[in-house]
Amino acid sequence: MAEEKIFSAEVYHKSCSADWIMLIHGFGGSARTWKKQIDFFSDHYNLLVPEMHKGKVNEDLDLDRICEIIKNTLNYHKIEKAHFLGFSFSSLICLRFAVLYPEKVSSLVMGGGIIKFNLKTRFLLSLAITFRGMVHYMILYRFFAYVIMPRSNHKRSRDIFVNEAKKLGYDEFCKWLDIVPQTIKSLSWLDDLNDDIKILYVSGNEDYLFLKDTVKYSKKMSNSRVEVIDNCGHVCSIEQYDRFNNVVFKYLDQTSGNRSL
């Protein structure tokens, strides 16, 4: 039997009785973008933090294949079930994973959550796909970072993601960019989502591209809710990490019954 593909991952083990959280970074991100969450939640939970761009998977990827590799990674670490903490584009990966493997999901928490790409964001993505062969990928990435995080208080988050994206390389950037259009039917997944899986979306009120649709379409999920952090942009997990962590911690405490808390 061929060896199953897995993502390399950082493991933080609190105790055998503690719940697991799997932290899925966004497009172009890394485990480093979860530093403030790792520092906080590792005192209360077991953490599995995959590096989806590190030790690159040498095959063409699609969305369901990424979900399968995430499942393989959980199985490799002998984790039966976990809370999933996603960010930005990875919130769609987590949502798809929950549809395909509901038995592996305790709950979903989405920072800077996305449920669908609207016409504006789809147009911007089409520009990126069109011009990726003509313009250096980091110019495109910086452009989108400014569009998504335009204000001065977003600068630290913007800088972190731009610096992490420099490590991607052109081929990896294109491989993952091609996955984004595969989420176009994301709203149809809501009908297939297990009603027992609870979902929390945490967004900044200055998340100009995604917040409106997140609030609108989260109402289609029976067990979902949205928490909005004031004076905060898209990357609320970095920009206002204390408030973000407290909101998520309270939610997981109510949801999980984690015995290690």
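- No side-chain donor-acceptor contact under 3.5 Å links Asn72 to the backbone of Ile6.
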Run the ring-ring contact (aromatic ring centres under 6.0 Å, His included) test on Phe27 and Phe173 for me, step by step, so that the C-alpha distance in whole Å, both residues' side-chain angles and the decisive distance to 0.1 Å come before the verdict. CA-CA 9 Å; Phe27 183 2; Phe173 173 82; 5.8 Å; yes
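- The residue from Thr183, Leu100, Val180 that alone fulfils the side-chain contact (heavy atoms from CB on, under 4.5 Å) condition with Leu63 is Thr183.
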Trp176 vs His53, ring-ring contact (aromatic ring centres under 6.0 Å, His included): CA-CA, chis, key distance, verdict: CA-CA 9 Å; Trp176 284 79; His53 298 311; 4.9 Å; yes
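- In terms of modelled atom types and a separation under 3.5 Å, the side chain of Thr33 and the main chain of Gly29 share no donor-acceptor contact.
- Of the possible polar contacts, one joining the Ser126 side chain to the Phe123 backbone as a donor-acceptor pair under 3.5 Å is found.
- When side chains are defined from C-beta on, Arg156 does not count as touching Arg158, because their heavy atoms never get closer than 4.5 Å.
- Side-chain contact between Leu108 and Met110 is present, with heavy atoms from C-beta onward closer than 4.5 Å.
- Screening Glu51, Glu164, Glu10 against Arg32 for a salt bridge (Lys or Arg N to Asp or Glu O under 4.0 Å) leaves a single residue, Glu164.
- In this structure, Phe161 has its ring center closer than 6.0 angstrom to the ring center of Phe87.
- In this structure a side-chain-to-backbone donor-acceptor pair under 3.5 Å is present from Gln37 to Ser237.
- Although no hydrogens or angles enter the test, the distance criterion places no donor-acceptor pair under 3.5 Å between the side chain of Ser203 and the main chain of Leu211.
- Between the side chain of Ser224 and the backbone N or O of Ile199, no donor-acceptor pair lies under 3.5 Å.
- Closest heavy-atom contact between Leu168 and Gly28: CD1-CA, 3.8 Å.
- Here the straight-line distance linking atom NZ of Lys220 with atom CH2 of Trp189 works out to 15.5 Å at 0.5 Å rounding.
- Taking CD1 from Ile129 and CG from Leu177, the interatomic distance works out to 4.5 Å, rounded to the nearest 0.5 Å.
- Under the 4.5 Å side-chain criterion, counting only non-hydrogen atoms from C-beta, Phe210 is not in contact with Lys116.
- In this structure, CG on Leu48 lies 4.5 Å from CD1 on Ile79, to the nearest 0.5 angstrom.
- Under the side chain to side chain donor-acceptor pair (under 3.5 Å) criterion, Lys250 pairs with no residue at all, not counting sequence neighbours.
- Note on ring orientation: taking the six-membered ring where Trp is involved, the planes of Phe40 and Phe249 are perpendicular (angle over 60°, cut-offs 30° and 60°).
- Between the Gln240 side chain and the Asp230 main chain, a donor and an acceptor come within less than 3.5 Å of each other.
- Between Asp171 and Lys175 there is no salt bridge, since none of the side-chain N atoms of the basic residue sits less than 4.0 Å from a carboxylate O of the acidic one.
- For residues 135-150, the set of pairs meeting the side-chain hydrogen bond (donor to acceptor under 3.5 Å, both in side chains) definition, not counting sequence neighbours, is empty.
- For Ile184, the CD1 atom sits in a loose shell: 12 or fewer heavy atoms of surrounding residues, nucleotides or ligands are nearer than 6.0 Å.
- The backbone N or O of Arg151 sits less than 3.5 Å from a side-chain atom of His154, completing a donor-acceptor pair.
- Listed for the Asn205 side chain is a donor-acceptor partner under 3.5 Å among the backbone atoms of Cys232.
- Looking at heavy atoms from C-beta onward, Phe89 lies in side-chain contact with Ile179 at the 4.5 angstrom threshold.
- Applying the side-chain hydrogen bond (donor to acceptor under 3.5 Å, both in side chains) test to residues at least two apart or on different chains, the pairs with a partner in residues 88-98 are Asp64-Arg96, Ser88-His234.
- Listed for the Asn46 side chain is a donor-acceptor partner under 3.5 Å among the backbone atoms of Lys14.
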